[in-house]
Amino acid sequence: PFARRAPFPELMSRYVSLELGYGVPKDGWRICLAHEFKEKRKPFQAKDVSLSNIVEHIGLGVRYLKWWYKKTQIEKKAPFIDMFRAIPLRQIYGAPLGGIGGGTITRGWRGEFCRWQLNPGMYHYKTVIANQFTVCLRRGGQTVYQQVLSVERPPTLQGWNWGYCGEYAFYHALYPRAWTVYPLPGQNVTLTCRQVSPVIPHDYQDSSLPVAVFVWDIENKNDYPLDVSIMLTMVNGSGHKDDKSGGHWNEPFHLEKAGESVSGVLLHHCTTVNPYTLCMAAREQVDISHQTAFSPKGTCGVLWGDLIADGRLDSPTGSSPPTQKGEKVAAALAVGCPVPAQGHNDLEFSLAWDMPNITFGSREREHVRRYTRFFGTKADAAPSLSHHALTHYRLWERSIEEWQRPILQDSSLPSWYKSALFNELYFVVDGGTVWTELPEDSDVSGGLRSEDGGLPAQPAIIKEYGRFAYLEGQEYRMYNTYDVHFYASFALIMLWPKLALSLQYDIAGSVVSCDLTERLHLMSGRNSPVKVKNVVPHDIGDPDDEPWQRVNAYLIHDTADWKDLNLKFVLQVYRDFHLTQDTQYLQDMWPICQAVMESEMKFDTDGDGLIENSGYADQTYDGWTATGPSAYCGGLWLASVCVMCKMARLVNNEAAFQRFRDILDRGSAAFDKLLWNGQYYNYDSSGQDLSNSVMSDQCAGQWFLRASGLGDGQFQAFPKEKICSALKSVFDLNVMSFAGGQMGAVNGMRPEGVPDHSSVQSDEVWIGVVYGLAAIMIHEGMLEEGLRTAEGCYRTVWERLGMAFQTPEAYCEKGIYRSLAYMRPLKNATMLCPAEHIPGPDWCG
């Protein structure tokens, strides 16, 4: 059956070796290093807008072009969304390195260092070809084999032996770990490189560290012993133009602490903004040697010859001189060990990057990263970080295995599901993520203090656990985009609940604040305030500006009139309380919930207990117009009113309970009368030609109630039989009548079985929405349908389109995708909550 297909069928079709590697798990995402993806998609750009949509949005186009020109050509800044320079698809990415919020370095599945986010929230996509692992095999004092472990054949570094045959090797990812298995042709030796990052649920210390460990397991199947060396080479920099800015320098180091010694090389990258130190290191239980500095241009034959001579490097003492402008510098670290005949040994490397103090694009304020609480702010922590990583990574792995084991050992769950569940979590770390300490002079309350129905200036949870922010997407550069975080937030609340609550306090403080500066909104062409009081912000800012201080980087719509943002705040507040039972949090948030619901009331223009959409795209589907009561916003409204009833009871506010109970009763009746058509809820109640489209996300309100332990009995907003009927319609039409039932659920489908092409978003598949749709299907007893729906998306993204570790917001049936590396697919965690519907661990702690 569809849900039980063999894992990795096409991705491993070119793999010729029989080697399975050392300790590689069965489940995950596996790909042969020689694989080539047949399908090459293009990013959605302005030219892909249909003629009818161009006519409808001509004003937006002109205003965006003017704004884009001013931003890029005059201000010399990067637009928060760049419709003219979308990132092209590179089908190369593997699991990112590092913990949460300290910056990330992504390695490709072929081993390249190719995606960098060291400056907070700002990405650049450059493969640094000199960053490589090389193996040297020696027998009886003679080198018999030396090979760069890369399938590339670059035009530079010609003195090295490139072109490892990828058909012998494979990559396997089960985030936050990954394995690459290299059988060495003709040598009877297999190397397995295990990559470990400290991404550990419910851990708020080591999970913040900017480090990774590479463990090389060496299997010698010969009848004679070998000496094996692995060399890591790294450029001082990230492939950015500032690598040549001059003043960078390297030095060897040695650190002994608690009976353990580590040695390596520090690469000091001395830029004027956000300087940092890279550090490669190893434990002194093995033979360690280094080359402090070499130029990564030309043939680099001297370094190659140094290793080939005796499996070691020269190990000069002292630091290298600072680079001249226009010059790059690199370093190398070699680690060696004997491997007995028919035996095994292992080698370890750590890679750390220390950028403790950061500024965002405005350069107005300095922030300190979370890990400085444990390793200091003096930019001298790289040796200690390396020491900690090399002496603690086995504990990290034990915690990771304990967390993942119940899922991996559950034979009733399909293999693709296990891969999706863990590998999609990469975005928590690689979403331009920042995790900072709260400055002592900060006031997150928005000016309204607790005694006046607001918040403390410094809520205890932010003081203790810091501030957290992640981007809407690597291409949609806004932090904590709230309409999307609504979907993704389950990953945080289930795995790092303190970060989820911290984020909520930040949003709550923004709710009660305002910024009445007038600005042009690109869709309407009207000027309106950046932020008005008692509404939830769209986002907390652009990393190229000053996040937290200047919110709402998004300026396409005036989101003060969006219908979903306030509701999503209320729903998350109760969901968070339900999962954490944090009564202080509930008490702090209750007045904020009352304030945003009061603001939302104005959208019920006819007083029937149900809000109306305003005839434009006034919600997360910001290119898909809704008019009057709609299935999506109306459903979220009823769910929010329902949780207000529940919270009113919890805080002993009977008057509020009665008020919201009355609204819920009237609103539910209006929702059924205006939107239910006997089979599903119509897209909206406008009566226009396409108002009876089938929306895949029409049960979003019920999904959130279910995931919060509500949705039936006294706290029910939707009749179960209607939800089940609607989900069956969505499965039959949006899933099975689209792309042969193999690509998930299209956002909008006509009842006659063709996609709704009325907007740029109605005929897209949104991967995060599909994962949530699968969750509500599973919660309502449609297990087989839910798994099939989600599997279509997973296999499309990870196996067909080559979008591993860059899951986009959307793709169409053919040709294009939109917004790579996006937040919403983190919603896949909801397929586990509530846990009784799918066997699995209690992720909620």
Side-chain angles (χ1 to χ4, degrees), residues 1-6 9-10 39 413-417 420 621 624 631-632 635 676-683 690-700 702-703 720-759 761-801 807-808 810-817 824-825 827-828 830-831 837-838:
F2 188 88
R4 301 293 171 192
R5 242 168 48 210
E10 293 180 17
E39 191 166 346
L413 298 176
S415 183
W416 68 264
Y417 171 91
Y621 296 87
W624 194 0
Y632 182 69
W676 182 251
N677 65 17
Q679 292 179 298
Y680 60 89
Y681 295 103
N682 287 336
Y683 175 69
L690 299 175
S691 67
N692 65 337
S693 285
V694 187
M695 186 189 200
S696 64
D697 212 4
Q698 63 184 272
C699 297
Q702 175 70 357
W703 156 65
K720 180 176 174 62
E721 65 277 6
K722 291 182 178 176
I723 290 292
C724 291
S725 174
L727 290 173
K728 184 178 186 307
S729 297
V730 169
F731 183 73
D732 291 344
L733 288 164
N734 302 59
V735 179
M736 297 307 296
S737 298
F738 176 74
Q742 303 283 324
M743 291 181 74
V746 68
N747 282 341
M749 181 65 92
R750 300 296 301 137
E752 58 270 24
V754 296
D756 180 337
H757 296 293
S758 63
S759 81
Q761 293 173 339
S762 54
D763 62 358
E764 292 182 326
V765 176
W766 286 11
I767 295 91
V769 167
V770 172
Y771 285 145
L773 169 62
I776 184 61
M777 286 177 172
I778 292 167
H779 295 174
E780 297 298 339
M782 298 169 63
L783 177 63
E784 189 174 330
E785 294 90 338
L787 290 176
R788 173 156 190 162
T789 298
E791 181 178 4
C793 266
Y794 172 80
R795 292 201 186 275
T796 298
V797 169
W798 288 77
E799 296 182 359
R800 185 176 136 198
L801 301 185
T807 304
Y811 55 74
C812 291
E813 184 174 2
K814 294 176 181 172
I816 59 174
Y817 64 87
R824 205 182 319 249
K827 187 181 179 182
N828 75 340
T830 62
M831 289 192 286
H837 291 284
I838 278 214

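One distance of note links CZ of R750 with CG of D763; it measures 13.0 Å at 0.5 Å rounding. Note: L727 CG to Y680 OH = 14.0 Å, rounded to the nearest 0.5 Å. Remark: S696 OG to E764 CD distance equals 11.0 Å, nearest 0.5 Å. The CE atom of M736 sits 9.5 Å away from the CD atom of E785 when rounded to the nearest 0.5 Å. The OH atom of Y681 lies 8.0 Å from the CD atom of Q698; values are rounded to the nearest 0.5 Å.
For P755 against F738, the heavy-atom pair with the smallest separation is CG-CD1, 4.1 Å. Shortest non-hydrogen contact noted between A745 and V735 is CB-CG2, 3.7 Å. The minimum heavy-atom distance between S759 and S762, with the atom names listed, is OG-N, 3.0 Å. Between S725 and Q679, the shortest heavy-atom contact is OG-O, 2.7 Å. Residue C793 comes nearest to Y811 through the heavy atom pair SG-OH, 3.4 Å, listed as atom of the first residue, atom of the second, then distance. Smallest separation of non-hydrogen atoms from F731 and T789: CD1-OG1, 3.6 Å.
Counted within 6.0 Å of NZ on K728, heavy atoms from surrounding residues, nucleotides or ligands total 12 or fewer; the atom is thus considered open.
Taking the side chain as every heavy atom from C-beta outward, D756 and Y683 never approach each other to under 4.5 Å. W416 is listed as a side-chain neighbour of L787, based on a closest heavy-atom distance under 4.5 Å. Between Y794 and Y417 the shortest side-chain heavy-atom distance does not fall below 4.5 Å.
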Point to revise | Candidate pair H779 and Q702, rule side-chain contact (heavy atoms from CB on, under 4.5 Å), full reasoning | key: CA-CA 10 Å; H779 295 174; Q702 175 70 357; over 6 Å; no

Point to revise | Check against side-chain contact (heavy atoms from CB on, under 4.5 Å), V765 and E813 | key: CA-CA 8 Å; V765 176; E813 184 174 2; over 6 Å; no

Review point. Can you check side-chain contact (heavy atoms from CB on, under 4.5 Å) on W703 and L773, steps first, answer last?
Key: CA-CA 8 Å; W703 156 65; L773 169 62; over 6 Å; no

Point to revise | Derivation of the side-chain contact (heavy atoms from CB on, under 4.5 Å) call for I767 and R824 | key: CA-CA 7 Å; I767 295 91; R824 205 182 319 249; over 6 Å; no

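Under the 3.5 Å distance criterion, the side-chain polar atoms of N734 are matched with a main-chain donor or acceptor of V746. When atom types are taken as modelled, the side chain of S737 and the backbone of D732 share a donor-acceptor pair closer than 3.5 angstrom. Panel note: side chain N747, backbone Q761; a donor-acceptor pair is recorded below 3.5 Å. Looking at T796, its side chain never comes within 3.5 Å of a backbone N or O of M743 through a donor-acceptor pair.
For the residue pair D697/Y621, the side-chain donor-acceptor check at 3.5 Å is satisfied.
Of the residues E10, Q742, E39, the one that meets the side chain to side chain donor-acceptor pair (under 3.5 Å) test with R800 is E39.
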